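These figures come from a predicted structure and were not determined experimentally.
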Amino acid sequence: MSDGWVSSQPRAQRARRVADLLRQQITAGAFGDGVLPDERTLGDRLGASRNAVREALGLLRGEGLITRRRGVGTTVVTPKYGHGLDRLAGLAEALTGYGTVTNEVRVAEVVAGPPAAIAERLNLPAGAAAVHIERLRRLDGLPLSLDTSYLTADVGRGVLGGDLAGRDVFALIEETTGLLLGRAEVAVHAVTADPGTAALLEIPVGAAVFAIERLTFLSDGRPVDVESIRVRADRFTLCATVHRGRSASDPSTFPPTG
């Protein structure tokens, strides 16, 4: 154990650092049986004092990630599932092998006048219809996300005829149009759950939620799907493999002239 590292930092900072390390390991599935080692063992592995480990475990328990019970020890409450941001994939596709994804279809209808912001993002002309779909998505019966989509009417009507309870919308779009999806613009925000969302996702009001806003395009460049997704942050990890490229301001990225 690195006593110098432990003693040179404020107590709260040491605990946060240990909590970060443990959270990364839990997310990566380092504790396959869901049981964490005792405080002394964790301290030896992480180079931290037992006090720092104890406080870090308290932080993770406050996040709802672990639970501590006498005679049982420290266990992971619910596993976190990864969803890559570097690949365009539906939820069921991304979670293949983790369990069964099912969808409670709450709304599935053609709307004559979608919100103006939606119409603008989909490049819809004035007065054009759209298809509105809202689904509560579960993994092995436990709520994971609340997904709201607006699709262009020509694409959405085909999707409405598909298996919305059992299939990803992305798969239905490609199946019914005969075209591949091309790309998506994604923004992720950290928000707290409002009462309605909390009730559906079965989490406390004010709990942390990922808010994912996504605009998806067909391979021909046409926008067809605007999504607003609320995901339980205690059960989900957003991950990506990214590569460092040269910036547009780097002169070496420009072709030679003359």
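Shortest non-hydrogen contact noted between Pro204 and Ala193 is O-CB, 4.1 Å. Taking each heavy atom of Asn103 and Gly166 in turn, the nearest pair found is ND2-N, 3.8 Å. Counting all heavy atoms, side chain and backbone alike, Thr152 lies closest to Pro223 at CG2-O, 3.6 Å. Contact record, Pro37 with Leu42: O-CD1, 3.5 Å, taken as the closest heavy-atom pair. What you find for Arg54 and Arg68 is that their closest heavy atoms are CG-NH1, 4.3 Å. Residues Ala108 and Leu164 approach most closely at CB-CD1, 4.0 Å, considering heavy atoms.
Between atom CZ of residue Arg214 and atom CG of residue Asp225 there is a gap of 7.5 Å, rounded to the nearest 0.5 Å. Taking CD of Glu39 as the start and CG of Leu46 as the end, the distance is 12.0 Å to the nearest 0.5 Å. Atom CD1 of Ile66 is separated from atom CZ of Arg61 by 7.0 Å, given to the nearest 0.5 angstrom. Note: Arg137 CZ to Leu200 CG = 14.5 Å, rounded to the nearest 0.5 Å. A distance of 10.5 Å separates OG1 of Thr177 from CG of Leu172, quoted to the nearest 0.5 Å.
Grouping the Ile, Leu, Val, Met, Phe, Trp and Tyr side chains by contacts below 4.5 angstrom, directly or via other members, places Phe210 with Ile229. Residue Leu22 is not grouped with residue Leu59 when hydrophobic side chains (ILVMFWY) are merged at heavy-atom distances under 4.5 angstrom, including chains of intermediate members. Residues Phe170 and Val131 share a hydrophobic cluster, clusters being chains of Ile/Leu/Val/Met/Phe/Trp/Tyr side chains in contact below 4.5 Å. One hydrophobic cluster, built from ILVMFWY side chains closer than 4.5 Å, cannot hold both Leu146 and Leu144; they sit in different ones.
Other residues, nucleotides and ligands place no more than 12 heavy atoms under 6.0 Å from the CZ atom of Arg40. For Glu213, the CD atom sits in a packed shell: over 12 heavy atoms of surrounding residues, nucleotides or ligands are nearer than 6.0 Å.
For Ser145 and Asp147, the side-chain atoms include at least one donor-acceptor pair closer than 3.5 Å.
Checking side-chain atoms of Arg14 against main-chain N and O of Ala48 turns up no donor-acceptor pair under 3.5 Å. With hydrogens and angles ignored, the 3.5 Å screen pairs no side-chain donor or acceptor of Thr74 with any backbone N or O of Leu36.
Under 4.0 Å is where a charged nitrogen must lie from a carboxylate oxygen, and between Arg230 and Asp194 no such pair does. Using a 4.0 Å cut-off between charged side-chain N and carboxylate O, Asp20 and Arg23 make a salt bridge.
Evaluated for a side-chain contact (heavy atoms from CB on, under 4.5 Å) with Ile173, the options Leu181, Asp168, Thr216 yield exactly one hit, Leu181.
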- prompt: Run the side-chain contact (heavy atoms from CB on, under 4.5 Å) check on Leu218 and Glu174 step by step: do they pass?
  reply: CA-CA 9 Å; Leu218 289 174; Glu174 292 184 328; over 6 Å; no

task: Could you walk me through whether Leu201 and Leu136 pass the side-chain contact (heavy atoms from CB on, under 4.5 Å) test, one step at a time?
output: CA-CA 8 Å; Leu201 294 180; Leu136 177 63; 3.8 Å; yes

- request: Run the numbers on Ile212 and Val186 for side-chain contact (heavy atoms from CB on, under 4.5 Å), then give the verdict.
  value: CA-CA 7 Å; Ile212 304 174; Val186 182; 3.9 Å; yes

- request: Show your reasoning for whether side-chain contact (heavy atoms from CB on, under 4.5 Å) applies to Leu160 and Val110.
  value: CA-CA 9 Å; Leu160 287 178; Val110 177; 3.9 Å; yes

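Using a 4.5 Å heavy-atom cutoff, the side chains of Leu151 and Val224 are not in contact. By the 4.5 Å heavy-atom criterion applied to side chains, Asp154 and Arg222 are counted as neighbours. Taking the side chain as every heavy atom from C-beta outward, Glu185 and Arg121 approach each other to under 4.5 Å. Side-chain atoms of Ile118 and His132, non-hydrogen and from C-beta on, never get closer than 4.5 Å to each other. Side-chain contact between Glu227 and Val169 is absent, with no heavy atoms from C-beta onward closer than 4.5 Å.
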